[in-house]
Protein chains: 2
Amino acid sequence: MRLSERKISSIMKQRGYKLTPQRRAVLKIIMGSDNHLTPEAIYQSVREEHQNIGLTTIYRTINILSELGLICEVHTAGSGRSYLVRRPLEHHHHLVCSGCNRVVDFSNCDLADIERKLSEGTGFKIEEHLLEFVGICPDCQQTAES
Amino acid sequence: MRLSERKISSIMKQRGYKLTPQRRAVLKIIMGSDNHLTPEAIYQSVREEHQNIGLTTIYRTINILSELGLICEVHTAGSGRSYLVRRPLEHHHHLVCSGCNRVVDFSNCDLADIERKLSEGTGFKIEEHLLEFVGICPDCQQTAES
DNA sequence: ACTATAGATGAAAACCTTTATCGTTTGTAC
DNA sequence: GTACAAACGATAAAGGTTTTCATCTATAGT
């Protein structure tokens, strides 16, 4: 199952959040992009159709979506934060293009072995892991060659 | 080979950076800690013996050490940045205690398989990866129980 | 040792990103 | 339609990091 805009709307309502035009607009931008987007980038995009929206609202909406687990944060993007709609609902990771910021998801992260060895070797009780790959997508490779 | 304070000093000199008392002091704090430290934490520690140092100098020194690859950034630590002296010089990753911030290094990250599959499946030319584990170290587990 | 100078320092200001405040507006349930 | 809790936008505040600039100092050459 993947998240549709309607599905997300319904989840937000269930959890007591109102569905305002502003939130719809932010959702539309995030859902319509294959790339991870910074709050500022989302702001600029939403502004094209919704000139009056405030940056504060972008942050508020992002925080709600993040709290509900509907968007994912990408960590490799320099300093600031950067978000992406959650596409596979199960545990997964990201492969990010350093050229165009496109993100590909993958689910078969086989870290159980490493995790067990580490746990045995150090006595740590392991709680979570962070795994991301960065590379250049086929399109950007071509652009670079030409 | 591990990095000694002398080794780092020599590398900085080679690259045209002067060895000032302030930089020595920052180095001493970073080298003397098993934990990852935020710029602010480094500032506070250095200040205990070097009351006049400015926060600016901390940032400048961190940036140099980072550029020279002598310290590592830890990504799991909430929002801000956090640094640690580079202990294994080879490619490695971190296991971080969420209780006390202690960091354990490990080198045998066996991601070559995943990387190859991903590369074949997506056409991406993979450049780097980010892998970190977070858990609770034995000491902090005990503290939590008692 | 002494001097010249490129580079480093500290204080303050500027920047950028994110969050809090507050009066006004609006979705939603009745 | 109305009432009310929630959300909005503008502005201010709060962090965290970088820039600026006048002063100082580590280093190389004498």
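Throughout, protein chains are lettered first and strands after them, A, B, ... in sequence-line order, and every chain is numbered starting at 1.
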(message) Heavy atoms from C-beta onward define the side chain here; which of C/dT19, D/dT18, C/dT28 lies closest to that of B/Asn63?
(response) D/dT18
(message) Just to be sure I understand the rule, does A/Thr56 reach a base, reach only the sugar-phosphate, or reach nothing, if contact means heavy atoms closer than 4.0 Å?
(response) base
(message) With a cut-off of less than 4.0 Å, is there a side-chain N or O of A/Arg60 near OP1 or OP2 of D/dA6?
(response) no
(message) Please tell me whether B/Thr57 and B/Gln22 have a donor and an acceptor in their side chains that are separated by less than 3.5 angstrom.
(response) no
(message) Ignoring hydrogens and geometry beyond distance, is a side-chain donor-acceptor pair present between B/Glu48 and B/Gln44 at under 3.5 Å?
(response) no
(message) In this structure, how many angstroms lie between the C1' atom of D/dT25 and the CG atom of B/Leu19, rounded?
(response) 13 Å
(message) Less than 4.5 Å apart, side chain to side chain, heavy atoms only: is that true for B/Arg23 and B/Leu65?
(response) no
(message) Need to verify one output field. Residue with the more 5' nearest nucleotide on DNA chain C, A/Lys18 or B/Arg47?
(response) B/Arg47
(request) Side chain of B/Thr57 only, please: which of C/dG10, C/dA8, D/dG9 is the nearest? (result) C/dG10
(message) From CG of B/Asn52 over to P of D/dT23, roughly how many Å is that when rounded to an integer?
(response) 17 Å
(request) Rounded to the nearest angstrom, tell me the gap between atom CD1 in B/Ile42 and atom P in D/dG16. (result) 14 Å
(request) Round to a whole Å and report the spacing from CD1 of B/Ile53 to C1' of D/dC24. (result) 15 Å
(request) Report the distance from atom CD of B/Gln51 to atom C1' of C/dT9, rounded to the nearest whole Å. (result) 16 Å
(message) What is the separation between atom NZ on A/Lys13 and atom C1' on D/dA7, rounded to the nearest whole Å?
(response) 15 Å
(message) Distance check needed: D/dT17 P versus B/Tyr43 OH, whole Å only.
(response) 14 Å
(request) Find out whether A/Ile114 and B/Phe106 are in side-chain contact, i.e. whether some heavy atom of one side chain is under 4.5 Å from a heavy atom of the other. (result) yes
(request) Verify the contact: side-chain N or O of A/Gln22 to OP1 or OP2 of D/dG9, cut-off strictly under 4.0 Å; return yes or no. (result) yes
(message) For B/Ile64 and A/Pro39, find the nucleotide of DNA chain C closest to each by heavy atoms; which residue's nucleotide sits nearer the 5' end?
(response) B/Ile64
(message) If the cut-off is 4.0 Å, is A/Arg81 near the phosphate of C/dC16, judged by side-chain N/O to OP1 or OP2?
(response) no
(message) Of the options D/dG9, C/dT9, C/dG27, whose atoms approach the side-chain atoms of B/Thr20 most closely?
(response) C/dT9
(request) Indicate whether OP1 or OP2 belonging to C/dG7 is found under 4.0 Å from a side-chain N or O atom of B/Arg15. (result) no
(message) Between P on C/dT9 and OH on B/Tyr59, what's the gap in Å once rounded to a whole number?
(response) 16 Å
(message) Less than 4.0 angstrom from a charged side-chain N to a carboxylate O is my criterion; do B/Asp105 and B/Arg86 meet it?
(response) no
(message) With a cut-off of less than 4.0 Å, is there a side-chain N or O of A/Arg23 near OP1 or OP2 of D/dA7?
(response) yes
(request) Just compare D/dA7, D/dT27, C/dT19 and give me whichever is closest to any side-chain atom of A/Tyr17. (result) D/dA7
